[in-house]
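Structure, as structure tokens:
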Amino acid sequence: MTRKILVTSALPYANGPIHIGHLVEYIQTDIWVRFQKMRGNRCIYICADDTHGTAIMIRARKEGRSEEELIGDMSEAHQRDFSGFGIQFDHYGSTNSNANREICSEFWQSLRQADLITERSIEQLYDPEAETFLADRFVRGTCPTCGRTDQAGDNCTCGATYNPTDLIDPKSTLSGATPILRESNHLFVQLEKLHAFLDNWVETSGALQIEVANYLKGHFLAEELRDWDISRPAPYFGFEIPDSPGNYWYVWFDAPIGYIASTREWCESNGEQLADWWRDPDCEIHHFIGKDITYFHTLFWPGMLNTANYNMPTKVHIHGFLNVDGKKMSKRDGTLVAAETYLKYANPSYLRYFYATKLTSRVEDLDLGIDEFTEKVNSDLVGKVVNLASRVGKFANKTGLSETYPDDGGLFTAGALAGDEIAEAYESGEYAKAMRKIMELADAANPFVEHAKPWEMKKDEQRTDELRDTCTVALNLFRQLAVYLSPVLPELAMKCGELLGEEITSWDQSKSPLVGRPVSKFQRMMDRVQPEDLKKMIEESKELAAEDAATDNQPTFNDSDQPLKDEPLAEEITIDDFAKVDLRVARVVSAEQVPEANKLLKLTLSLGGEERRQVFAGIKAAYEPEKLVGRLVVMVANLKPRKMRFGLSEGMVTAAGPGGAEVFILSVDEGAQPGQRVH
RNA sequence: GGGGCUGUAGCUCAGUUGGUUAGAGCUGGGGACUCAUAAUCCCUAGGUCGCGGGUUCAAGUCCUGCCAGCCCUACCA
């Protein structure tokens, strides 16, 4: 029976590049999807960039561009990385789409109608300079318990936990400003009203791994579920809540809805109906996620889906984190390798296979040992699998495949029989088991060639038929392996298809051997891993991390683009044009009010020695005359003197600002002498 | 503090509903071969199944205590 299956991976956040840790999930999912497609099921793989939230807003500001521009570039980069690893989405959308806005509204209405939304005021730290509310991670200060400085907003290295409002001398990490406490209205989902439903779903749906269900039951469902704060006040990059102006949906509200929105976009361009996928009980929904976002996908999301009358997830496949050489990935060690960096030094197939040998259906962290990685790929893939084709490739090109499949001692049949068990392993997410089974078959195949001794046959023309038979067996066993491995190694399957003249598209191709056809010229299918390359990869990652760190340490500025808009840049000039303006350092030797003038102060500027200039400056509203006396300013010294109502003005003091009280005189750093020219 | 998971050969892991001498791959040692990317093949070494109790005719496999490691503890679940 053909199943209809919709598969998603977690939406990558548009705040950074894809790294090998992320890839655990996308590779895991892609393998599952490819497997389902090979089995003849209707399966679509949906994903999107997660684009909203404070972090994106801040980053865009930092980079001095719009959020849309930022997320556009990021989405492109993400898709390039995914594609580099052979991850094939049926549709890749964005949470910042019209479709998503509409479906969010629909969910929102359902939540309102179900009377699940409540509103109340909460106090939160606010950064008056960056003009935004601060999530805990954007506040640092001194721990109220132990007195350590520079601690995070919610906990200290001493183990104490507290509210960011308890911090001593808190500072915003965005601007360095001291945050103030500000009250705002937030909207909440009263999750407790769905408690009974969630209890039942967690217990009986079978959608969750046992350890996850236990965790939820023991941890969240054992007590009253807290209200979920689902809104953020402006400024926020996201969707404004239609019936609550000035409030935006929290990024975790619209992100999972992005699964549906992205599906809708796919439907629209493929003549499909959204309801056939998200509201048809016969359609399976499979989410692949990391353990860090379990909570959202197993409590809020089911609650929302149920309320809005969409399909519940058939299964939430939760995986652990990636360690490298037994340790957490770290930028400093160069083990947090960006997808892009990896691709420069190593074949993506290696990583796909390695992860496959490590993945189980449980929520376990998996370790990428660099040596183990090298050994496994070289020994399993190159030494066993590819070698099988490689060692008979040349002969086979001359002989072609036999008309009937020869006696191979039952190897092919045994391999075909193992197919069910391997398929079952893929289906249940036990890729490690599947890989083990496949390698058992590979282990049995090489001795066959060894014992047949094709290299002796080739020397004797009388034995051409025997040689052909041996090649036929070896290549069919190889092809069987390629079929079984094709969800993991699509590229290898493709090359196998080219060699034997029949594309690998279906699992059942593992059941019947190919006979009576020519064999193409053999071409090398996969290179061995070079340990030096991996070293270089780590080194480059370290360097990149160092560069990033340098950038990250720069303070964040939140400069408005208004001044430039008010007064656009002037026409380009040459250095000669600029040289015409003689700017000089000058000291204010006297400053006095001009009684009849509204805006002017009368200044006497010294250019050193006896040189004096009288200048009328329009800075009355901004400066008190007494405070100007003695200070150094920059003046335009060769400006044609101008007669004014109160006397002759023999120059101009340089200052910025629109005028009125908003005038800022240029100062000169310590050490400058009156009369020095500004170059 | 609480909760979860893990602990089997040097390394990565299998061990089905408890049943005769605990398995594989890699690594190590010895040999063979040369078709193949120093790939492959044959032989071989290596484990008191974390430790201590218990149930049983029988336990790596069930129960219990302890030890070690990892993860989580609500707004990054």
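Lettering follows sequence order; numbering is per chain, from 1. Excluded from the calculations below are hydrogen atoms, water molecules and symmetry mates; all remaining heavy atoms, backbone and side chain alike, are included.
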Write down the distance between [atom1] ([X]) and [atom2] ([N]), rounded to a whole number of angstrom.
X: A/E375; N: B/G10; atom1: CD; atom2: C1'; answer: 11 Å
X: A/N15; N: B/C76; atom1: CG; atom2: P; answer: 13 Å
X: A/L225; N: B/C75; atom1: CG; atom2: C1'; answer: 14 Å
X: A/D367; N: B/G69; atom1: CG; atom2: P; answer: 17 Å
X: A/K433; N: B/G23; atom1: NZ; atom2: P; answer: 19 Å
X: A/F220; N: B/G2; atom1: CZ; atom2: C1'; answer: 13 Å
X: A/L475; N: B/C35; atom1: CG; atom2: C1'; answer: 12 Å
X: A/K398; N: B/C35; atom1: NZ; atom2: P; answer: 12 Å

Quick one: are the ring centres of [X] and [Y] less than 6.0 Å apart?
X: A/H297; Y: A/Y259; result: yes
X: A/F300; Y: A/W228; result: yes
X: A/Y248; Y: A/F239; result: no

Complementary nucleotide of [N], counting Watson-Crick and G-U pairs under 3.5 Å:
N: B/G18; answer: none
N: B/C11; answer: B/G25
N: B/A68; answer: B/U6
N: B/U37; answer: none
N: B/C76; answer: none

Taking atom [atom1] in both [N] and [M], what distance in whole Å separates the two?
N: B/C35; M: B/A22; atom1: P; result: 42 Å
N: B/G10; M: B/C71; atom1: C1'; result: 27 Å
N: B/U61; M: B/C26; atom1: P; result: 29 Å
N: B/C13; M: B/G54; atom1: C1'; result: 30 Å
N: B/U16; M: B/C33; atom1: P; result: 42 Å
N: B/U6; M: B/G46; atom1: P; result: 31 Å
N: B/U48; M: B/G60; atom1: P; result: 14 Å
N: B/G23; M: B/A9; atom1: P; result: 14 Å

Practice item. Check whether the side chains of A/S428 and A/S361 place a donor and an acceptor atom closer than 3.5 Å, and report yes or no. Key: no
**Study point:** Sorted by number, the residues of residues 451-467 of chain A with heavy-atom contact under 4.0 Å to RNA chain B
**Key:** A/H451, A/W455, A/K458
Which part of the nucleic acid, if any, lies within contact of [X], taking any heavy atom under 4.0 Å across all strands shown: a base, the sugar-phosphate backbone alone, or nothing?
X: A/D371; result: nothing
X: A/E421; result: nothing
X: A/M525; result: base
X: A/R436; result: sugar-phosphate
X: A/V363; result: nothing
X: A/V392; result: nothing
X: A/Y250; result: sugar-phosphate

**Study point:** cation_pi(A/K376, A/Y353) dist<6.0 Å, angle<=45
**Key:** no
Check your understanding: Can A/R232 be said to sit on top of A/F133's aromatic six-ring, NZ or CZ under 6.0 Å from centre and within 45° of the ring axis?
Key -> no
Check your understanding: Charged N to carboxylate O below 4.0 Å: is that the case for A/E421 and A/R436?
Key -> no
Kindly point out which of [options] is positioned nearest to the side chain of [X]?
X: A/R391; options: B/U37, B/U12, B/U40; value: B/U40
X: A/N387; options: B/U37, B/A36, B/C26; value: B/A36
X: A/E450; options: B/U37, B/G25, B/C41; value: B/C41
X: A/H219; options: B/U12, B/U73, B/C41; value: B/U73
X: A/Y295; options: B/A74, B/C13, B/G4; value: B/A74
X: A/N446; options: B/C26, B/U40, B/C35; value: B/U40

Check your understanding: Which sits closer to the 5' end of RNA chain B, A/F522 or A/K328, going by the nucleotide each is nearest to?
Key -> A/F522
Check your understanding: Nearest nucleotide by nearest heavy atom, which residue falls closer to the 5' end of RNA chain B, A/S379 or A/D365?
Key -> A/S379
Any [X] side-chain N or O less than 4.0 Å from OP1/OP2 of [N]:
X: A/K291; N: B/C5; result: no
X: A/R528; N: B/A39; result: yes
X: A/K384; N: B/A39; result: no
X: A/R362; N: B/U6; result: yes

Exercise for review: Test for a donor-acceptor pair under 3.5 Å between the base of B/A74 and the side chain of A/E223, counting only N and O atoms.
Suggested key: yes
Nearest-0.5 Å distance, [atom1] of residue [X] to [atom2] of residue [Y]:
X: A/L492; Y: A/L489; atom1: CG; atom2: CG; value: 5.5 Å
X: A/L388; Y: A/F448; atom1: CG; atom2: CZ; value: 10.0 Å
X: A/D254; Y: A/W249; atom1: CG; atom2: CH2; value: 8.5 Å

Exercise for review: If the plane angle is over 60° it's perpendicular, under 30° parallel, otherwise tilted; pick one for A/H286 and A/H317.
Suggested key: tilted
